[in-house]
Amino acid sequence: MEESKTDARAKLAEHAYRIRRNALLMGEVQGQGYIGQALDIADVLAVSYFGAMNYRPEDPEWEERDRFLLSNGHYAIALYAALIEAGIIPQAELETYGSDDSRLPMSGMASYTPGMEMSGGSLGQGLTIAVGRGLGLKRKGSKAFVYTLFSDGELDEGAIWEGLMSAAHWKLDNLIAIVDVNNQQADGPSSQIMAFEPLTEKMEAFGWFTQRIDGNDLDAVIAAFDAARNHPGEQPRMIIADTRMGCGVPFLEAREKNHFIRVDAHEWQLALEALEAGRQA
Amino acid sequence: MSSTVTSKPKLKTSAMIASIAGEGQRTTAAPFGHALVKLAAERPEIVGMTADLAKYTDLHIFAQAYPERFYQMGMAEQLLMGAAAGMAHEGAIPFVTTYAVFATRRAYDFMHQTIAEDNLNVKIACALPGLTTGYGPSHQAAEDLALMRAMPGMMVIDPCDALDIEQMVPAVAVHKGPVYMRLLRGNVPAVLDEYDYRFELGKAKLIRDGRDVLVISSGIMTMRALEVAKELAADRVDVAVLHVPTIKPLDTSTILREAGRSGRLVVVAENHTTIGGLGEAVGTELLRAGVTPQFRQIALPDAFLDAGALPTLHDRYGISTSVMATTIKSWLG
Ligand SMILES: Cc1ncc(C[n+]2csc(CCOP(=O)(O)OP(=O)(O)O)c2C)c(N)n1
Ligand SMILES: [Mg+2]
């Protein structure tokens, strides 16, 4: 029993590594991309796609699948990395990232990409769709979950708080939201742009079963997703994930924080090597 | 593994921030930010407000110069507009910035109800107007002019280049009432200083005369029209360019005068959908006045536009210089 648990953890760590690697390879294709964010959210995506969600890679629209709504569309590079790892997008398509007529545009859009359930980019919309998906699944008697990922910058948008209130009102126990608190948004550190703490207390006051974790501690992420799925209460579930931009590539993590982390042309290979070194360690 | 540049052809990117400057084109850095800083020295009632996009609208220049007059409202566009209205009620002149899509689509009702209906002195400057990013529909404001024209009391401006922006900023501050301005940010092309031109609020300006074609244009399409005119001159086609930076209120008398000169094909060129922008505005005025030249539109289609590299998309949708030149030539037969 204990044995299989460590096996499972090792597998998830490997998936997280490969998601980070896919993201770096895509960043290298374009010489840019939201790589700091992709590296910070890789552990959450690994656990979502390999420890929590039900889906069929060969049939991304399988009716009984769990839905994953990426609200922060600029994190598309991260989700593509996970969808490739999950076998929903062929590995070979990684080369086309962000290019003309690719299925992997730089901002996530449902009409372009298998497994992309919504068009993000206009931030603050994902949770509202998730509420509707949750209601719609319940209407159909479906047992599927709706996962939605949004970012700390999105907390500034009024629509997020409309969604938070509504999900609790409708007792959406099939809704699991993850907010990536990397303390960064376009103009600077999120906590300075618009003070959002105390976040746990706010979410609880809004009626959500709330956990706050280190989003780059794989064990904590695994435990939080288990608890979110198995929580008995008739209420929506929130995972507040504090993350570190650039996580997994020490020299990027140490770099001055920015919405766009600067990566020089020769550094993509160095980043891949640093990631690889961390995997062996 | 080698980290040097390989022989692989450079892929074309759908990145959000794409420069509209052509290769080797002269540019001016952050004309909006610098013009606002200059103006603010004389106008203490000016404040700057943004929704987490100071760096991406050149308002950071103002924020650095006047930190105590800069208000970071967070990524909350509805709040941005409502709070700007409140500020204006209390005597400030807010210059507010975000991307065109988020002002016009996310916060439309807030601009309509809190700002325009009370005729408040709020100046809304929006980056990524029309099709100026390859990021897809979430960031492409193909219909911003239609939306803003439809709002009563709202002045609407579509500047061409750095010079237009520098002269527009003090002009809109003098105007009493709300203004929506399309904004070019970063390294902005400098074009109009080569001509005998000055920005005047509410005025259309003939930048170049010509016998065969009259292009009526705004924004970056004026820059394109001037390039087309040079290109077609080689084919002995004489193209006039009438620049209409103020879309609302429209300078109807100048437009009627120029479009009424007989024998010219009239082409309205705009970085906007065919619906509700400069083309329809001009067409309506011409019909009302009984002026009926041969009339054509160069504009974006009524569709959700693709993601992709900006030059690819400008070609695809017919607003690049080369496609525009070909199109106009085909109309001349
Ligand atoms: C409604 C809306 N307003 C503004 C933007 C422009 N924008 C893109 S990303 C971003 C920052 C959002 O915060 P977050 O996702 O936390 O940033 P990150 O962690 O990626 O740095 C902003 C303001 C947007 N995409 N949507
Ligand atoms: Mg963030």
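Given the structure is predicted, the values throughout are model-derived calculations rather than measurements. Every chain is numbered from 1, with letters handed out A, B, ... down the list of sequences.
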So, the part of Phe196(A) with a heavy atom under 4.5 Å from chain B: the answer is neither
Is atom CZ of Arg18(A) surrounded by more than 12 heavy atoms (other residues, nucleotides or ligands) closer than 6.0 Å? no
Portion of Met106(A) that has a non-hydrogen atom of chain B nearer than 4.5 angstrom: both
Would you name the heavy atoms of Asp52(B) and Asp187(A) that are closest together and state the gap between them? OD1-N, 2.7 Å
For the CD atom of Gln78(B) and the CD atom of Glu157(A), what is their distance to the nearest 0.5 Å? 7.5 Å
Highest number of heavy-atom pairs under 4.5 Å with chain A among Gly134(B), Gly136(B), Ala76(B), Gly308(B) belongs to Ala76(B)
Quick check on His259(A) against chain B: is it the side chain, the backbone, both or neither that has a heavy atom closer than 4.5 Å? side chain
Please state whether the side chain, the backbone, both or neither of Ser122(A) comes within less than 4.5 Å of a heavy atom of chain B. both
When Phe102(B), Tyr135(B), Tyr99(B) are compared by non-hydrogen pairs under 4.5 Å with chain A, the top option: Tyr135(B)
Which heavy atom of Ala186(A) sits nearest a heavy atom of Leu53(B), and at what distance? CB-CD2, 4.3 Å
Are more than 12 heavy atoms, taken from residues, nucleotides or ligands other than Glu201(A), located less than 6.0 Å from that residue's CD atom? yes
Looking at chain A, which one of His60(B), Met73(B), Glu77(B) has the largest number of heavy-atom pairs inside 4.5 Å, strictly under? Glu77(B)
Tell me whether the count of non-hydrogen atoms from other residues, nucleotides or ligands lying under 6.0 Å of CZ in Arg149(B) goes above 12. yes
Which heavy atom in Met109(A) sits nearest to a heavy atom in Pro137(B), and how many Å separate them? SD-CD, 3.7 Å
So for atom CZ, which belongs to Phe304(B), do other residues, nucleotides or ligands contribute more than 12 heavy atoms lying within a distance under 6.0 Å? no
Rounded to the nearest 0.5 Å, how far does OG of Ser138(B) lie from NE2 of His74(A)? 11.0 Å
What part of Leu123(A) is in contact with chain B, defined as an atom under 4.5 angstrom from a non-hydrogen atom: side chain, backbone, both or neither? both
Below 4.5 Å from any heavy atom of chain A, which atoms of Arg106(B) appear? Answer side chain, backbone, both or neither. side chain
Check whether more than 12 heavy atoms from other residues, nucleotides or ligands sit under 6.0 Å from atom CD of Glu256(A), and answer yes or no. no
Okay, Gln185(A) and chain B: the region with an atom under 4.5 Å from a heavy atom over there is both
What part of Glu154(A) gets within 4.5 angstrom of chain B, counting heavy atoms only: side chain, backbone, both, or neither? both
Rounded to the nearest 0.5 Å, what separates atom CG in Leu155(A) from atom CE in Met75(B)? 8.5 Å
Interatomic spacing from CE in Met194(A) to CG in Leu79(B) - rounded to 0.5 Å: 6.5 Å
Any salt bridge linking Arg316(B) with Asp100(A)? Criterion: basic side-chain nitrogen under 4.0 Å from a carboxylate oxygen. no
